[in-house]
Structures are given as C-alpha cells and as structure tokens.
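As the structure is a prediction and not an experimental result, all values here were calculated from the model.
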Amino acid sequence: MEYDKNNIFARILRKEVPAQVVYEDDYALAFHDVNPKAPIHILVIPKGEFISFCDFVEKASPALMVGFEKAIHHVIHMFNLQEMGFRLLTNQGVHGGQEVPHYHMHIFGGRPLGRMLSQE
Ligand code: 5GP
C-alpha cells in the first residue's frame, strides 16, 4: 500500500488544514482530536510519510522513533496525565479500525477510561 500524500494528517502536517496544535518539534506534531472521545484526546503524528505502526517501525530512522516516543511523553506531561494515568492507542488496518492512513498515536485522559475494548 502506497502512502496517500493527501490524507488529512499529511495536510495538517503541511499546514494546509488547520488543527489545534498543542506541541511540535522536529519529529512530531500533536493536536486535539476533532471528535474527542475523552476530556483529553490528543493525536500525535510523526513527521514523515508513514501509514501505520508497522510502516513506521519498518521505515523510520532510530532518531525519529525515539523523537516520536519522546514527543508523546512530553504531551503526557504537558497535560499532567502521568499521575492519574492515560491510555495510548494506535489503530492499524481494517480490524484496527484505522480511519486516517498516517500513523498516529491517540492519547486519552482526564477521566477513568473504562474497559480496554468494547464488548461488541
Ligand atoms: P483512527 O481511527 O484512524 O485511529 O483515528 C482517526 C482520528 O482522527 C479520529 O479520532 C478522528 O476524530 C480524527 N480526525 C479525523 N479527521 C480529523 C481532522 O481533520 N482534524 C483532527 N484534529 N482530527 C481528525
């Protein structure tokens, strides 16, 4: 599968589409999810053309992989989530229910988050 350069997160990265950005560095961009599922729902995306978790691990440089993880960690601390806790989630492919084909990590927090998976 080829990376779609016009997916919505690619356009947000290029600043063609606005987003409520909370953090940016050389490796990652973090912004509020447009349809939040928790009081705090941030998306962190790596800078580069990566479709999914597997694509990222297979293609990203070690520096980018570390930088991306550190950006997630930074955002967790920006929102003071480290004490009460949070959930990290990434979806991949059809069974994962991935909607946007640019690798992203969801950060959920701000309330007890309930069961890990729905019962359906
Ligand atoms: P996925 O199912 O791919 O893991 O999650 C995609 C997420 O991106 C969803 O939670 C959805 O609400 C969010 N999203 C989709 N389009 C936009 C957008 O244009 N802006 C922002 N900020 N979030 C978006």
Side-chain angles (χ1 to χ4, degrees):
M1 186 175 160
E2 206 173 311
Y3 180 80
D4 169 13
K5 289 178 191 292
N6 283 319
N7 78 74
I8 189 71
F9 292 173
R11 300 185 68 206
I12 287 173
L13 259 185
R14 291 197 297 268
K15 313 280 160 110
E16 293 169 6
V17 169
Q20 276 187 277
V21 172
V22 298
Y23 179 70
E24 179 169 15
D25 63 21
D26 288 347
Y27 306 106
L29 182 73
F31 51 91
H32 287 279
D33 195 292
V34 78
N35 181 19
K37 311 287 193 307
I40 296 166
H41 184 177
I42 307 293
L43 300 167
V44 189
I45 66 176
K47 290 190 173 179
E49 297 186 351
F50 306 103
I51 300 169
S52 62
F53 172 80
C54 285
D55 196 38
F56 185 67
V57 172
E58 287 159 19
K59 294 179 185 160
S61 68
L64 179 55
M65 291 179 73
V66 171
F68 180 64
E69 293 290 315
K70 285 194 179 285
I72 295 167
H73 180 265
H74 185 87
V75 173
I76 287 165
H77 279 259
M78 278 179 68
F79 286 86
N80 211 24
L81 296 175
Q82 68 278 6
E83 280 184 21
M84 293 304 288
F86 55 87
R87 182 169 293 157
L88 297 180
L89 176 85
T90 189
N91 295 313
Q92 175 165 329
V94 175
H95 283 190
Q98 182 176 3
E99 291 170 9
V100 179
H102 182 112
Y103 175 45
H104 51 282
M105 189 67 76
H106 297 258
I107 304 174
F108 298 103
R111 67 164 167 80
L113 294 164
R115 300 181 68 91
M116 191 155 56
L117 292 176
S118 72
Q119 290 293 76
E120 298 159 35

Rounded to the nearest 0.5 Å, the CE atom of Met105 sits from the CG atom of Leu89 at a distance of 8.0 Å
Is atom CD of Glu2 surrounded by more than 12 heavy atoms (other residues, nucleotides or ligands) closer than 6.0 Å? no
Looking only at non-hydrogen atoms, find the nearest pair between Ser52 and Gln98 and report the distance. CB-OE1, 4.1 Å
side-chain contact (heavy atoms from CB on, under 4.5 Å) partners of Val57, counting only residues at least two apart: Phe53, Met65
Here the salt bridge (charged side-chain N to carboxylate O under 4.0 Å, His left out) pairs for residues 24-33, sequence neighbours left out, are Lys15-Glu24, Glu24-Lys47
With sequence neighbours excluded, tell me which residues meet salt bridge (Lys or Arg N to Asp or Glu O under 4.0 Å) with Arg111. none
Tyr27 meets the side-chain hydrogen bond (donor to acceptor under 3.5 Å, both in side chains) criterion, sequence neighbours left out, with none
Side-chain heavy atoms under 4.5 Å apart, restricted to Ile/Leu/Val/Met/Phe/Trp/Tyr: what other residues fall into the cluster of Met84, or is it alone? none
Polar side-chain atom of Gln92 near backbone of Cys54 as donor-acceptor pair, under 3.5 Å: yes
Among all residues two or more places apart in sequence or in another chain, which pass the salt bridge (Lys or Arg N to Asp or Glu O under 4.0 Å) test with Lys5? Glu49
Which residue pairs pass the salt bridge (charged side-chain N to carboxylate O under 4.0 Å, His left out) test with at least one member in residues 57-74, sequence neighbours excluded? Asp55-Lys59
Can you confirm whether Tyr103 sits close enough to Phe9 that some side-chain heavy atom of one is under 4.5 Å from a side-chain heavy atom of the other? no
Considering all heavy atoms, the nearest Ala28-Ala71 contact: CB-CB, 3.5 Å
side-chain contact (heavy atoms from CB on, under 4.5 Å) involving His74 - partner list, sequence neighbours excluded: Tyr23, Met78
Pro39 to Gly110 - nearest heavy-atom pair and separation: CG-O, 3.8 Å
Is the centre of the His104 ring less than 6.0 Å from the centre of the His106 ring? yes
Are Val22 and Val44 joined in one hydrophobic group, where the rule is that I, L, V, M, F, W and Y side chains link up if heavy atoms are under 4.5 Å apart? yes
Side-chain touch Ile107/Val75, heavy atoms, less than 4.5 angstrom: yes
Mind checking the CZ-CD spacing from Phe31 to Gln20? Nearest 0.5 Å is all I need. 11.0 Å
Between His102 and the options Ile8, Leu13, Ile12, the side chain to side chain contact (heavy atoms under 4.5 Å, CB included) test singles out Leu13
Which other residues end up in the same hydrophobic cluster as Ile51, if Ile, Leu, Val, Met, Phe, Trp and Tyr are linked when side-chain heavy atoms come under 4.5 Å apart? Met1, Tyr3
Which pairs, with at least one residue in residues 81-109 and sequence neighbours excluded, count as a salt bridge (charged side-chain N to carboxylate O under 4.0 Å, His left out)? none
Does a side-chain heavy-atom distance below 4.5 Å link Arg115 with Leu117? no
Would you say the ring centers of Phe50 and Phe56 fall short of 6.0 Å from each other? yes
Under the side-chain hydrogen bond (donor to acceptor under 3.5 Å, both in side chains) test, residues paired with His77 that sit two or more places apart: His73
Start with the C-alpha distance between Val34 and His32, add both sets of side-chain angles, then the distance that settles side-chain contact (heavy atoms from CB on, under 4.5 Å), and finish with yes or no. CA-CA 6 Å; Val34 78; His32 287 279; over 6 Å; no
Cluster overlap Val21 with Ile76, hydrophobic side-chain contacts below 4.5 Å: no
Which residues pass the side-chain contact (heavy atoms from CB on, under 4.5 Å) test with Ile40, not counting sequence neighbours? Ile42, Phe79, Leu81
